[in-house]
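What follows is one structure encoded as structure tokens, with my remarks underneath.
Below, all heavy atoms of this structure are taken into account, side chains as well, without hydrogens, waters or symmetry copies. Note on naming: letters A, B, ... go to the chains in the order of the sequence lines (proteins, then strands), and numbering restarts at 1 for each one.
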Amino acid sequence: MTGPSIVWFRDDLRIADNPALRAALDRGEPVISLYVLDAESDGVRPLGGAARWWLHHSLASLDARLRERGSLLILRRGPAERVVAETVRDAAAGAVLWNRRYGEAERAVDTALKAGLREDGVEVESFAASVLFEPWTVRTGVGDHYSVFTPFWKACLALPAPRAPLPEPREVPGPARAPATDDLDEWSLLPTDPDWAEGLRETWEPGEPAARRRLRAFLDDDLGSYDAARDEPAAGATSLLSPRLRWGEISPYTVWHETVDAARSGRHAASAHRFLSELGWREFAWHTLFHFPALADKNLKPEFDAFPWPRLRPTMLEAWQRGRTGIPLVDAGMRELWRTGYMHNRVRMVVASFLIKNLMIDWRRGEEWFWDTLVDADTANNPFNWQWVAGSGADAAPYFRIFNPELQAAKFDPDGRYVARWAPDADERDQIVDLRETRQAALEAYEAVKRAR
DNA sequence: GCCCTATTGCA
DNA sequence: GCAATAGGG
């Protein structure tokens with residue numbers, strides 16, 4: 001069917017290595033780039049506050065890049081299945097292209113839309129773009145999915161290497177008459193009353209060009225120290241790519257290949273290997289979500305349903321959220337998060353362990369807070385990693401592995417630079433719980449899980 | 001991807 | 001008295 005090609009952008013806000021966009025350009029018809037803000041489809045999780053901030057700026061950046069190339073980004077809001085179908089009808093489009101999603105609710109939308117459009121004679125095609133290995137391609141010897149990371153990643157690495165990234169298009173010709181679009185400002189994605197985004201503006205530049213520069217700077221300047229320093233929150237040794245990958249401003253294929261190239265030309269084999277395995281954890285989280293769609297709600301290990309969470313104490317939860325626990329490393333992490341929409345990975349593990357094991361608050365409350373405050377939270381990695389810390393997840397830390405925030409600080413922030421930066425006053429506070437007593441109580445509560453096994 | 005405790009070896 | 005290490009949660 002002839003007629004313009006619609007590229008439905010979702011978590012892939014880039015023009016380089018975007019197979020759906022590439023396929024649209026190859027059709028030779030004008031291209032309509034569409035983004036749908038969908039808070040209505042069944043089971044699709046509404047974005048958190050920090051995510052909305054990032055999305056606003058990333059969409060603005062994508063629109064600017066499309067305008068430089070002869071078109072623009074069309075914005076619509078509403079349930080995606082209806083909105084995309086309407087856009088197809090209004091534009092008399094001949095094809096709709098998108099990059100695949102792996103959550104259950106998202107797949108349901110995409111599958112229904114695909115069927116409906118094909119019935120109307122519209123070409124529909126989808127592509128792999130946000131994971132290096134799609135969930136159904138990685139199987140154990142007996143055909144199961146993996147539940148332990150190391151064999152999972154080994155199996156991935158034994159598959160054919162991820163394809164090379166596609167080059168960035170020079171032109172994206174739009175139709176003579178562009179379809180109607182919403183005004184991005186009308187979506188009110190940015191906070192106004194109050195405007196709490198100052199720290200985010202100071203910290204981040206969303207958008208594809210900045211994402212590419214960040215990868216380059218990381219590989220050129222920081223890769224060498226990554227393996228040794230990645231666990232030190234004050235070292236600045238990590239890639240800071242997580243939000244860029246979450247929004248698809250850069251593709252994992254690009255990260256993969258540029259990292260492999262950097263390692264080939266340098267002496268950073270151990271660091272490159274380690275960094276790629278972090279991409280592997282990201283893959284593992286998406287695969288786990290694909291096979292266990294209730295990841296954000298249900299314990300992956302059902303015996304954890306027996307865990308005796310005490311009645312929620314809102315003041316404890318709030319002290320944690322605001323960084324007022326009196327535990328320096330915990331407060332530093334929670335304030336970094338509140339200010340910047342980000343937290344160093346080592347500190348994420350520490351604050352999560354503290355919430356779950358010392359405060360005995362259900363991991364879901366922590367997951368919700370991170371969902372609302374992190375710029376990089378996605379529907380797979382956020383719950384996956386919370387379950388990992390809780391002990392209820394895939395290849396999780398055993399429950400009895402309880403982080404001691406003071407020892408973690410001594411080990412990974414020995415000169416106290418990170419704590420001094422984010423929580424210089426934390427030492428003056430009373431600690432809201434006794435680390436030793438609460439650790440013991442958590443170990444005793446864990447007995448219920450062991451009995452339920 | 002950990003922490004705690006007890007024990008051992010050495011001073 | 002301390003550091004290193006094993007064993008177990």
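What separates CZ of A:Arg401 from P of B:dC2 is a distance of 6 Å, to the nearest Å. Between the CD1 atom of A:Ile402 and the P atom of B:dT5 there is a distance of 12 Å, rounded to whole Å. Note: CZ (A:Phe354) to P (B:dC3) measures 15 Å, nearest angstrom. One can place CG of A:Leu407 at 6 Å from P of B:dC3, the figure rounded to the nearest angstrom. Remark: C1' of B:dG1 and CG of A:Asp231 are 8 Å apart, rounded to the nearest angstrom. A straight line from CZ of A:Arg451 to P of C:dG9 spans 15 Å, rounded to a whole angstrom.
In summary, the side chains of A:Asn385 and A:Trp281 do not present any donor paired with an acceptor at a separation below 3.5 Å, with no hydrogens or angles considered. In this model, no donor atom of one side chain and acceptor atom of the other lie less than 3.5 Å apart for A:Tyr418 and A:Glu232. Under 3.5 Å, the side chains of A:Glu81 and A:Ser41 contain no donor-acceptor pair of N or O atoms.
Considering only side-chain N and O atoms, A:Gln408 lies under 4.0 angstrom from the phosphate OP1 or OP2 of B:dC3. Using a 4.0 Å cut-off, no side-chain N or O of A:Arg439 falls inside it from OP1 or OP2 of B:dT5. Side-chain nitrogen and oxygen atoms of A:Arg346 include at least one within less than 4.0 Å of the OP1 or OP2 phosphate oxygen of B:dC2. Phosphate contact (OP1/OP2 of C:dG9, side-chain N/O of A:Lys450, threshold under 4.0 Å): absent.
When distances run from any side-chain atom of A:Trp388 to the nucleotides B:dC3, B:dG1, C:dG9, the shortest one goes to B:dG1. Distances from the side chain of A:Asn404 to the nucleotides B:dC3, C:dG9, B:dG1 place B:dC3 closest.
The shortest side-chain heavy-atom distance between A:Leu97 and A:Phe127 falls under the 4.5 Å cut-off.
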